[in-house]
Peer 1: 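Structure in structure tokens, see below.
Values reported hereafter were calculated over all heavy atoms of this structure, with side chains retained and with hydrogens, waters and symmetry mates removed. The chains referred to below are lettered A, B, ... by the order of the sequence lines, with proteins before strands, and numbering in each begins at 1.
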Amino acid sequence: MVAITLPDGSQRQFDGPVSGLDIARDIGPGLAKAALACTVDGEMWDLTRPIERDASVSLVTAKDEAGLELIRHDAAHVMAEAVQELYPGTQVTIGPAIETGFYYDFARNEPFTPDDLGKIEARMRDIVARDEAIVREVWDRDEAIAHFQEIGEQYKAEIIADLPAGEPITVYRQGAWKDLCRGPHLPSTGRLGTAFKLTKLAGAYWRGDARNAQLQRIYGTAWATDKQLKEYLHMLEEAEKRDHRRLGREMGLFHLQEEAQGAVFWHPKGWTLYRTVQTYMRRRLEDAGYVEVNTPSVVDRALWERSGHWAKFRENMFTTQTDDERVMALKPMNCPGHVQIFRQGIKSYRDLPLRMAEFGSCHRNEASGALHGLMRVRAFVQDDAHIFCTEDQIVSETKLFCDLLKSVYRDLGFESVTVKFSDRPEVRAGADETWDKAEEALKAATNAAGLDWTLNPGEGAFYGPKLEFVLRDAIGRDWQCGTLQVDFVLPDRLDAEYVGEDGAKHRPVMLHRAILGTFERFLGILIENTAGRFPLWLAPVQAVVATITGEADDYVREVAAALGRAGLKVETDLRNEKINYKVREHSHAKIPVIVVVGKREAEERTVALRRLGGSSQEVLALDDALNTLRMQALAPDLARLASESEGADQRDQVA
RNA sequence: GCCGCAGUAGCUCAGCUGGUAGAGCAACGCAUUCGUAAUGCGUGGGUCGGGGGUUCAAGUCCCUCCUGCGGCACCA
């Protein structure tokens with residue numbers, strides 16, 4: 001007898017070994033049809049694998065996250081079968097399910113072409129139509145290795161040889177084809193359905209290591225239903241429309257060109273946006289007790305040797321040699337410069353924490369393949385700062401920083417932030433005891449700030465552990481923006497010191513920190529997140545005043561001038577065009593407010609406001625419109641100040 | 001940096017097996033003064049990414065370099 005407990009707590013008795021499919025049939029034919037796999041005491045099992053002991057079982061269908069993952073994993077297998085049928089001699093390696101689909105890495109001398117994708121996909125649909133049963137087998141380890149070597153599957157043989165000793169070696173057959181796989185799998189290829197599509201070809205290194213052979217990866221997407229697939233493809237199209245590179249061109253924000261690879265040409269509108277964000281950040285930093293500095297871009301190699309950058313960061317640095325043979329480097333980071341300022345004069349413990357900020361212009365020679373629009377550039381400006389403090393101040397400074405960071409992200413339209421904790425990397429400066437201390441201190445501070453974090457092992461900076469603050473963009477990509485790094489190494493290498501309460505000299509700790517990360521990347525994320533429809537305070541052109549007839553020209557100039565005095569960035573449109581044409585054009589340009597003025601408005605001294613995305617307009621007296629827009633165009637921090645002082649005024653009146 | 005793909009007008013793209021470049025939008029000009037997402041007519045615009053080669057002839061074929069795109073690797 002086998003007793004099976006179902007998720008609702010009910011129990012069913014079976015005479016002997018029973019499979020997930022048997023259980024599903026026992027419950028009902030609908031479930032038997034929908035079931036793809038089952039979990040046995042929490043572990044995923046194939047639907048047909050016999051359960052020989054009492055267990056808790058739940059059935060997995062395409063509606064479950066786990067079911068969808070099975071579908072994707074099977075799609076990878078069916079693709080591998082199709083590829084090996086069509087291109088004999090191709091070796092299979094690994095093919096997992098991923099976030100929106102699957103991939104499989106193949107070893108083949110001939111490159112796959114985009115045309116091949118269509119052929120492979122068609123063959124996949126044949127295999128699905130054949131509805132081949134998928135059968136699990138457990139093999140002997142040595143036999144498995146010998147077998148895969150014999151049939152020329154070197155990579156599979158290598159994988160088996162590397163599996164831990166106790167691990168069962170399972171092979172899945174579907175029709176005449178078989179693959180080493182941990183499983184589980186669908187009962188048959190027909191269950192995969194039709195909601196899949198091959199999407200792209202790419203190179204990928206064996207085991208993710210650039211020193212290994214390069215394999216050919218084929219990506220696909222797979223879903224439970226055709227409707228989901230269609231929705232996903234539609235989402236991709238929408239994402240493409242808000243790609244910051246496209247919007248940057250369409251909206252005239254910036255451009256890139258080959259003579260300055262990885263460096264941005266900011267156009268007037270883009271630069272206005274940039275300056276709006278920068279001015280905002282400058283205010284926030286000042287309010288948070290930072291001082292702003294500026295340090296040299298071209299600095300003698302000697303300083304980078306002392307700081308450790310020459311040893312650890314050399315390959316990413318641009319260098320230049322002067323006629324007298326001095327080697328200079330373009331700064332890739334601002335920290336050594338800030339230590340030089342700290343070292344001027346004698347610092348006392350009373351000066352700490354010293355929060356030193358710089359909108360530091362840095363250059364890094366990033367790999368050509370890494371460059372990506374504004375997101376990954378070679379010339380960029382960080383909202384960088386270094387907090388020189390005592391060890392005792394690490395926790396409170398970290399907490400203050402995290403609060404500031406969250407507030408800034410919220411103001412800029414980002415609510416959810418994830419945090420990664422990166423500990424010591426292989427290539428690093430500083431003694432292990434120093435790292436122990438730094439990691440411990442940062443962990444304590446993170447917990448004190450009430451942050452949830454995930455560990456990112458070995459990803460710290462060469463001088464210290466770090467926190468990474470990650471935002472997700474509109475296309476679902478994660479971008480690291482903010483960072484906070486604890487550094488006991490640089491103050492030592494560059495000989496920073498302060499006089500303590502005890503009158504003796506001490507090393508300060510440096511906290512390297514940035515909120516936006518770089519302006520370039522952050523603005524790219526901002527463009528994609530808003531799809532170019534910036535909130536009023538950020539829009540580089542906040543309002544266009546457009547005439548209906550030439551008779552209103554003088555009044556329009558007056559309105560525009562008044563809006564300008566109220567602090568808005570305004571343009572006028574006096575062209576002899578129909579108002580339909582103007583509204584359409586400015587709407588496409590994503591201007592937040594179109595101020596429409598005709599003969600009637602000019603006579604009545606009113607304006608008609610039309611908001612981006614809306615289809616109606618609001619007619620207001622000019623003075624009212626000026627007040628309303630002036631308040632709405634305030635940066636969030638200034639708006640908070642304004643509402644506070646308004647509250648104070650009201651309290652004064654009451655008193 | 002590696003693998004694959006691509007580069008034709010400001011933008012989006014067409015140009016079959018080689019015979020000396022085309023559309024829409026944009027721009028410019030003229031007419032139109034028209035009340036909330038495209039007024040009409042007309043005009044100009046291209047060393048077909050750079051270099052080299054094959055050929056009577058190259059946007060088209062070959063080589064090479066550059067840049068971009070998608071991944072991988074990298075991302076202090």
Peer 1: Below 4.0 angstrom, which residues in residues 247-271 of chain A have at least one non-hydrogen atom near RNA chain B?
Peer 2: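 When residues 247-271 of chain A is checked for heavy atoms under 4.0 Å from RNA chain B, the hits, listed by number, are A:R249, A:E258, A:Q261.
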
Peer 1: Rounded to whole angstrom, note down the C1' distance from B:G4 over to B:U60.
Peer 2: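 Roughly 22 Å separates the two C1' atoms.
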
Peer 1: Please measure how far the C1' atom in B:C66 lies from the corresponding atom in B:G24, and state the result in whole Å.
Peer 2: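 Per the computed distance, 31 Å lies between those C1' atoms.
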
Peer 1: Give none if B:G22 has no partner; otherwise give the nucleotide forming a Watson-Crick or G-U wobble pair with it, both distances under 3.5 Å.
Peer 2: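 Per the H-bond distance test, B:C13.
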
Peer 1: Remember a base hit wins even if backbone is also touched, and classify A:H309 as base, sugar-phosphate or nothing at under 4.0 Å, heavy atoms.
Peer 2: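 Nothing: the residue A:H309, judged by heavy atoms under 4.0 Å, touches no strand.
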
Peer 1: Considering non-hydrogen atoms only, spot the tightest contact between A:W304 and A:M317 and give its length.
Peer 2: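 So the minimum-distance heavy-atom pair works out to CG-CE, 3.7 Å.
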
Peer 1: Report the residues that fulfil ring pair (Phe, Tyr, Trp, His ring centres under 6.0 Å) with A:H363, sequence neighbours left out, ordered by chain and then residue number.
Peer 2: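 Not a single residue meets the ring pair (Phe, Tyr, Trp, His ring centres under 6.0 Å) criterion with A:H363.
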
Peer 1: Got A:V470 and A:C481 here, is their nearest side-chain heavy-atom distance under 4.5 Å?
Peer 2: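 No. Closest side-chain heavy atoms not under 4.5 Å.
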
Peer 1: Under 4.0 Å: is that the gap between some side-chain N or O of A:R245 and OP1 or OP2 of B:C11?
Peer 2: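 So the side chain of A:R245 is outside the cut-off, no N or O lying under 4.0 Å from OP1 or OP2 of B:C11.
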
Peer 1: Under 4.0 Å, heavy atoms only, any strand: does A:Y103 hit a base, just the sugar-phosphate, or nothing?
Peer 2: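 Touches nothing.
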
Peer 1: Give every pair of a protein N or O atom and an N or O atom of nucleotides 29-33 of chain B that lie under 3.5 Å apart, one pair per line with the distance.
Peer 2:
residue: B:U32; atom: N3; partner: A:N576; partner atom: ND2; Å: 3.1
residue: B:U32; atom: O4; partner: A:N576; partner atom: ND2; Å: 2.4
residue: B:U33; atom: O2; partner: A:G550; partner atom: N; Å: 2.9

Peer 1: Taking atom C1' in both B:A58 and B:A23, compute the distance separating them and give it to the nearest angstrom.
Peer 2: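 About 23 Å, rounded to a whole number of Å.
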
